[in-house]
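Here's the structure, in structure tokens; my notes come after.
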Amino acid sequence: MEKIFARLNEEQSIAVKNTEGPVLILAGAGSGKTTTIVSRLAYLVKGVGIPASNTLTLTFTNKAAKEMRERALGMMEDVSYPPLLCTFHKFGLLFLKFNIHLMGRKNNFVVIDTDDKKRIIKKINSEIATPLIASEISRYKNSLMTPDDAYKQAELYNYQQIAKVYEEYEAYLAENNLVDFDDLIALTYKLLEDNPELAKKTSEKYQYIMVDEYQDTNELQLKLLQKLCSTHNNICVVGDDDQSIYGWRGAHIRNIMEFDQDFENTAVFKLQNNYRSREPILKVANALIEHNRSRLGKELKPTRGSGEDVVVLNSHDESEEARKIATNITKLIDSGVSAKDIAVLYRVNVLSRSIEEGLNRARINYKLVGGQRFYDRAEVKDLISYIRVITNFNDDFSFKRIINKPKRGLGKASVDKLELSAHAAEKSIFEFIKSSSVAELEALVRKKNAKTLKQFIKDIQSVAKVAEESTYNFIDVLEDTFSLKDIYKSQPDEQERILNMDEFYALFRDFIKNNPESGLDEFLNELTLQSEQDQVEGESIYMMSIHASKGLEFDHIFIIGMEEGFLPLVGDGSDLEEERRLGYVSFTRAKEKLTLSHVSSRFYKGRRSDLEKSRFFNEAGLCQGSLKLEKNTAFKKGDLVRHKIFGTGRVLGVSKAGKEFKLNINFAGTKKDILASFIERL
DNA sequence: GGCATAAGGATTTTT
DNA sequence: TCCTTATGCC
């Protein structure tokens with residue numbers, strides 16, 4: 001018990017002890033959010049005496065769940081039964097496993113990922129952009145809209161089409177007993193909604209509910225939470241409205257803004273002591289985020305004392321920027337800073353390229369975080385498809401992926417014919433080939449391929465038998481039977497692909513070793529929900545998008561591309577306040593020193609364009625004429641200056657304009673008033 | 001069916 | 001620029 005509170009400050013302790021009823025913990029960046037939520041869980045179990053199995057703690061990522069589980073178990077020492085601490089989706093998966101039969105479906109369903117989803121959509125409709133349909137379907141599901149509802153709501157012809165695709169997509173999933181990511185939550189909610197007894201029982205089981213990163217929840221997740229705590233209202237959410245950066249993905253910032261309206265008698269706690277960053281960094285971050293209108297209002301209070309000022313790098317173009325950053329990093333490393341304590345962040349991934357070149361030239365090792373995920377790699381997905389077919393012969397979707405891998409002389413045309421005939425016979429493709437004679441198949445595909453197909457079916461059946469008898473050995477038999485490593489034979493990236501396949505095989509063996517009772521379908525569903533855990537280790541600096549950096553911290557942070565158009569990024573659907581929060585998230589990753597870089601010109605999308613420095617410099621108080629320069633004005637009468645459009649001129653006078661300075665300048669006889677931040681001194 | 005070339009598009013990303 | 005997709009030819 002003392003152990004739990006020893007590491008908490010007063011605010012954190014109060015929040016931890018407030019166990020009953022709805023609690024909103026607004027935790028600023030670096031304020032000990034994870035420590036607080038984990039301590040609260042430990043306190044519930046060890047201090048209040050709640051059985052761990054009666055608690056439920058939800059996160060968004062497996063990584064967060066894993067970290068919290070380890071820390072919580074460490075604090076709780078001996079518990080006979082561990083608390084349920086998992087992602088929203090994992091919770092949905094578990095719940096559906098036990099209850100999906102109530103809606104007339106079998107519980108051996110397979111979870112499909114976004115890629116699978118898009119393939120299915122594309123097959124149904126290739127006229128409308130697949131990503132648009134995919135996101136619309138996601139939206140429908142998250143608003144609990146049936147295809148019928150979607151159709152009724154559709155005004156434009158295009159949207160009627162999308163509603164139609166949605167309907168067919170749902171039929172396809174049901175037919176093949178598939179479930180997509182949204183279903184894991186939506187079907188869970190539906191079951192609770194349609195079965196009041198079940199809802200009551202479930203709510204009574206999870207007496208105490210906690211949610212991490214609450215600012216990232218969407219509307220449906222809120223509704224699910226309301227169902228889950230309907231019998232007790234013991235819900236504690238932790239989050240930071242200023243770090244809501246997933247609005248574009250459906251996260252609903254209003255959930256955290258209006259938590260007290262969704263749950264009556266909410267107790268609110270603010271954690272504002274920042275244990276991460278030096279004072280100058282927090283000053284800049286606070287100044288920036290203060291420009292947002294829609295926020296609950298917090299201010300990060302420094303506890304780590306003063307430190308180095310925030311540095312602004314100004315370069316002509318991206319190669320100069322890369323050079324400057326490489327030089328700065330080299331200096332840091334030479335002065336004894338460990339490479340792993342340095343990170344370069346950017347708003348869009350393409351910006352990493354120029355920096356990569358600069359780092360390579362300077363011989364600095366770097367690690368790119370993000371990029372393509374292991375489970376999204378084609379070779380890994382091929383293997384997964386094989387296992388899926390072996391688990392379920394009727395999974396046409398996966399069957400089609402592997403039917404010509406390695407090459408069996410079946411192209412799109414042949415596969416289409418097979419599928420059509422199978423459909424007409426009301427069979428899966430697998431069943432169709434199995435039940436057809438060689439002669440019948442010869443009518444559909446090239447002659448020599450008919451036999452190959454029959455053999456393929458036999459092989460699948462025999463490997464499936466092995467899987468039942470000895471799951472552990474199955475993976476070797478799979479490779480040997482189908483020569484899967486030949487799929488990418490004599491391709492330039494063959495070696496890398498084989499390495500990934502071996503990695504996958506090792507993963508499989510690990511899983512079976514750790515879960516000897518599990519079969520292939522448990523392995524598959526686990527996989528789909530698994531993301532690549534970024535290993536943060538090794539002697540290289542890190543480069544990643546600002547989104548990917550959320551939750552991480554580094555001693556030294558460099559943010560590149562601080563220009564209008566990049567940060568803030570503009571485009572349709574862009575939200576300046578969310579862009580500002582991205583700036584805030586990126587600034588607050590830094591513990592010791594923050595460096596912000598901008599260029600005047602950048603090569604992007606095949607062309608070079610001129611760029612203005614980000615307005616965020618101004619807002620963060622980092623511009624000439626800003627707070628720091630109040631005493632010693634950057635410009636004075638007589639200075640020779642330059643403006644992007646008006647060219648060179650001479651300052652005639654300096655006056656104040658809010659927090660900024662306004663200069664009266666004589667440009668070759670034309671006098672103009674211009675804000676100081678747009679002016680460059682010569 | 002598979003390869004080569006042309007055309008077009010282009011945040012952020014977890015589950 | 002770089003990547004994905006469409007098209008045309010063998």
Side-chain angles (χ1 to χ4, degrees), chain A residues 58-65 86-93 111-118 122 126 129-131 134-135 138 141-142 179-186 188 212-213 216-218 220-221 244-251 318 345-354 357 369-373 375-376 378 404 407-417 445-446 448-449 491 525-534 544-551 561 565-575 578-579 581-583 585-586 602-609:
Chain A
L58 296 169
T59 66
F60 278 88
T61 66
N62 290 305
K63 197 175 157 195
C86 61
T87 63
F88 269 95
H89 292 85
K90 179 72 188 277
F91 175 76
L93 174 69
V111 183
I112 58 165
D113 66 17
T114 324
D115 214 54
D116 300 332
K117 177 178 172 183
K118 286 184 181 159
K122 184 145 199 186
S126 54
T130 309
S135 73
S138 201
K141 290 197 177 186
N142 280 297
V179 157
D180 67 18
F181 285 136
D182 297 318
D183 285 335
L184 289 173
I185 319 262
T188 295
D212 187 29
E213 304 277 17
D216 291 339
T217 52
N218 64 26
L220 180 59
Q221 283 157 339
S244 166
I245 55 174
Y246 286 105
W248 53 276
R249 211 171 63 189
E318 69 275 6
L345 310 181
Y346 32 80
R347 175 68 232 266
V348 286
N349 281 310
V350 281
L351 294 190
S352 73
R353 182 150 283 123
S354 55
E357 284 165 16
V369 179
Q372 214 198 8
R373 293 163 60 221
Y375 296 106
D376 287 340
N404 200 32
K407 298 217 153 56
R408 297 186 182 87
L410 281 293
K412 192 178 178 300
S414 307
V415 176
D416 280 353
K417 276 190 223 161
V445 300
R446 293 180 181 189
K448 62 166 186 171
N449 293 332
Q491 292 208 3
N525 281 339
E526 200 61 35
L527 270 195
T528 311
L529 293 187
Q530 205 69 226
S531 75
E532 192 178 9
Q533 313 266 338
D534 295 316
M544 68 192 90
S545 69
I546 296 173
H547 283 90
S549 76
K550 196 174 130 204
F566 283 98
L567 188 62
L569 189 70
V570 285
D572 49 62
S574 63
D575 171 355
E578 185 149 315
E579 297 298 315
R581 292 192 289 269
L582 276 158
V585 166
S586 63
R602 198 180 277 287
F603 197 76
Y604 182 64
K605 287 189 186 174
R607 47 190 291 207
R608 179 159 292 286
S609 26

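Side-chain N or O atoms of A/Ser138 include none that pairs as donor or acceptor with a backbone N or O of A/Ser135 at under 3.5 Å. Looking only at distances, no side-chain donor or acceptor of A/Glu357 sits under 3.5 Å from a matching main-chain atom of A/Ser354. The main-chain N or O of A/Met544 is found under 3.5 Å from a side-chain atom of A/Tyr346 such that the two form a donor-acceptor pair. A/Thr528 places a side-chain N or O within 3.5 Å of a backbone atom of A/Val111 that can act as its donor or acceptor partner. A/His89 contributes no side-chain N or O that, together with a main-chain N or O of A/Leu184, makes up a donor-acceptor pair within less than 3.5 Å. Here the side chain of A/Glu578 pairs a donor or acceptor atom with the backbone of A/Gly247 at under 3.5 angstrom.
Distances shown here put every side-chain N or O of A/Asn449 at or beyond 4.0 Å from the OP1 or OP2 atom of B/dG1. Residue A/Ser414 places at least one side-chain N or O under 4.0 Å from the OP1 or OP2 atom of B/dG1. Taking 4.0 angstrom as the limit, A/Thr528 places none of its side-chain polar atoms (N or O) nearer than this to OP1 or OP2 of B/dT15.
Atom pair A/Arg607:CZ and B/dA10:C1' shows a separation of 13 Å (rounding to whole Å applied). Atom CD1 in A/Ile546 sits roughly 11 Å away from atom P in B/dT12 (whole-Å rounding). Following rounding to the nearest Å, A/Asp216 (CG) and B/dT12 (P) show an atom-to-atom distance of 18 Å. Regarding A/Asp113, its CG atom lies at a distance of 17 Å from the P atom of B/dT13, rounded to whole Å. B/dT13 atom P lies 20 Å from atom CG of A/Asn142, rounded to whole Å. Following rounding to the nearest Å, A/Arg602 (CZ) and C/dT1 (P) show an atom-to-atom distance of 17 Å. Summarising the geometry, the separation between CG on A/Asp182 and C1' on B/dT14 is reported as 11 Å, rounded to the nearest angstrom. A/Leu58 places its CG atom 15 Å from the C1' atom of B/dT14, with the value rounded to the nearest Å.
Side-chain contact between A/Asp182 and A/Lys117: present, with at least one pair of heavy atoms (C-beta onward) separated by less than 4.5 Å.
Mapped onto DNA chain B by nearest heavy atom, A/Arg408 and A/Glu578 fall at different nucleotides, with A/Arg408 at the one closer to the 5' end. For the pair A/Leu184 and A/Gly606, both in contact range of DNA chain B, the more 5′-proximal nearest nucleotide belongs to A/Gly606.
In DNA chain C, runs of at least 3 consecutive Watson-Crick or G-U pairs, each pair with both distances below 3.5 Å, span B:1-10 with C:1-10.
Residue A/Arg347 places its side chain closer to B/dT12 than to any other of B/dT12, C/dT5, B/dT14. In this structure, of B/dT14, B/dG2, B/dT13, it is B/dG2 that holds the atom nearest to the side chain of A/Asn404. The nucleotide whose nearest atom lies closest to any side-chain atom of A/Lys605 is, among B/dT15, B/dT13, B/dA10, B/dA10. Each of B/dT13, B/dT15, C/dT5 was ranked by its minimum atom distance to the side chain of A/Asn62; first place goes to B/dT15.
A donor-acceptor contact under 3.5 Å links the side chain of A/Thr114 to the base of B/dT15.
Residue-level contact check: A/Phe603 touches the backbone only, with heavy atoms under 4.0 Å from sugar-phosphate atoms and none from bases. Residue contacts for A/Arg353: at a heavy-atom cut-off of 4.0 Å it reaches the sugar-phosphate backbone alone, with no base atom in range. Residue A/Ser574 is classed as having no contact, given no heavy-atom separation below 4.0 Å to the nucleic acid. At a threshold of 4.0 angstrom between heavy atoms, the contacts of A/Tyr604 are confined to the sugar-phosphate backbone, with no base atom among them.
Relative orientation of the A/His547 and A/Tyr246 rings is tilted, given thresholds of 30° and 60° on the angle between their planes.
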